[in-house]
Amino acid sequence: MQDKTVLRRTLRRARAKLSPAYRTAAAARLPSLARALIGRGKRLGAYVAAGSELDLTPLMNAALWRGARVFVPSIPRRHRRLWFTEIDGRGRWYREPRYHLWEYHGPRVRAESLDVLFVPLVGVDAHGYRLGQGGGFYDSSLHFRRHRRVGRKPLIVGVAFDCQKVDAVPREPWDVRLDALLTESGLTRFR
Ligand SMILES: Nc1nc2c(c(=O)[nH]1)N(C=O)[C@@H](CNc1ccc(C(=O)N[C@@H](CCC(=O)O)C(=O)O)cc1)CN2
Ligand SMILES: Nc1ncnc2c1ncn2[C@@H]1O[C@H](COP(=O)(O)OP(=O)(O)OP(=O)(O)O)[C@@H](O)[C@H]1O
């Protein structure tokens, strides 16, 4: 547990050191790198970046422009399974009181009904293990994917800067592996 706290701090610091110009350029590259995943009719789970996280706004814009449907997470009142709300212009934005993240109010679905889920992370290793912010929200929301079957939705795609890659992330019994990783240098599949 101590490991994880130290690793989170180190990686958050590295991420926070990236210049504004670097972050903007990185975010702008994501739509073309993820092009194959964001086509018309796709149901995409994204996130509203906070702090030094990689900004998904350009990716969400490109996806909406191409006719995909974009959903953002909202933290449940109880337990840890996230809801996902479609940004459809009929709802409204608000700040979630606990973590001050932006969320969208409207009809919501679970991760199971998405085609692709872009997941924020603090650290990631070469096997697709992910270190999150410690809330356990994504692991709980994706628990149904623990016993992976090929072709089972959604495709779980971690999103991070290259500087968030590490040799090994501490593994927990409840960890759900990523299917792919999207960084400013490309989209890679884990096997
Ligand atoms: N942009 C974004 N939205 C997201 C997430 C995320 O990581 N990024 N989440 C992903 O789950 C969920 C929110 N989860 C969160 C979990 C913890 C903290 C947090 O601030 N934690 C404390 C203590 C963490 C620790 O003990 O290390 C902190 O950072 O000070 C914030 C959000 C849903 N929405
Ligand atoms: N499937 C699950 N069922 C019950 N508890 C869970 C589950 N997944 C995670 N948790 C709980 O969540 C807590 C945080 O887990 P962990 O440190 O792995 O989070 P994380 O992966 O960093 O966060 P997140 O998934 O929100 O990005 C753990 O203490 C664990 O008890």
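Nothing fancy with the numbering, it's 1 onward along the sequence. Whatever order the structure lists them in is the order used to number ligands and atoms, beginning at 1.
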Pairs under 3.5 angstrom, nitrogen or oxygen on both sides, ligand 1 versus protein: list them out, please.
{"residue": "ligand 1", "atom": "1 (N)", "partner": "Val48", "partner atom": "O", "Å": "2.7"}
{"residue": "ligand 1", "atom": "1 (N)", "partner": "Glu53", "partner atom": "OE1", "Å": "2.7"}
{"residue": "ligand 1", "atom": "7 (O)", "partner": "Glu53", "partner atom": "OE2", "Å": "3.4"}
{"residue": "ligand 1", "atom": "7 (O)", "partner": "Gln133", "partner atom": "NE2", "Å": "2.9"}
{"residue": "ligand 1", "atom": "8 (N)", "partner": "Glu53", "partner atom": "OE1", "Å": "3.3"}
{"residue": "ligand 1", "atom": "8 (N)", "partner": "Glu53", "partner atom": "OE2", "Å": "2.8"}
{"residue": "ligand 1", "atom": "29 (O)", "partner": "Arg12", "partner atom": "NH2", "Å": "3.3"}

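- Under the rule for a ring pair (Phe, Tyr, Trp, His ring centres under 6.0 Å), the partners of Tyr104 that lie at least two apart in sequence or sit in another chain are Trp93.
- Taking all heavy atoms of Tyr129, Phe144, Trp174 into account, the minimum distance to atom 8 (N) of ligand 2 is reached by Trp174.
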Please tabulate, for the side chains in residues 32-49, all donor-acceptor contacts under 3.5 angstrom to protein atoms that are two or more places apart in sequence or on a different chain.
{"residue": "Ser32", "atom": "OG", "partner": "Arg29", "partner atom": "O", "Å": "3.2"}
{"residue": "Arg43", "atom": "NE", "partner": "Ser113", "partner atom": "O", "Å": "2.8"}
{"residue": "Tyr47", "atom": "OH", "partner": "Leu54", "partner atom": "O", "Å": "2.7"}

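- Only the side chain of Arg8 comes within 4.0 Å of ligand 2, judged by heavy-atom distances.
- Residues passing the side chain to side chain contact (heavy atoms under 4.5 Å, CB included) test with Ser74 are Trp83, Thr85, Tyr94, Glu103, sequence neighbours excluded.
- Of the candidates Ser141, Gly134, Gly135, Ser140, the one placing a heavy atom closest to atom 3 (N) of ligand 2 is Ser140.
- By the criterion of a heavy-atom distance under 4.0 Å, both the backbone and the side chain of Tyr138 are placed next to ligand 2.
- Atoms of ligand 2 found under 4.0 Å from any heavy atom of Lys4 (numbered from 1 in listed order, with element): 16 (P), 17 (O), 18 (O).
- With a heavy-atom cut-off of 4.0 Å, Gln133 touches ligand 2 through its backbone alone.
- Between Leu131 and ligand 2, a contact under 3.5 Å exists for no N or O pair.
- The contact set between ligand 2 and Arg80, taken as ligand atoms under 4.0 Å from a residue heavy atom, comprises 11 (C), 12 (O), 13 (C).
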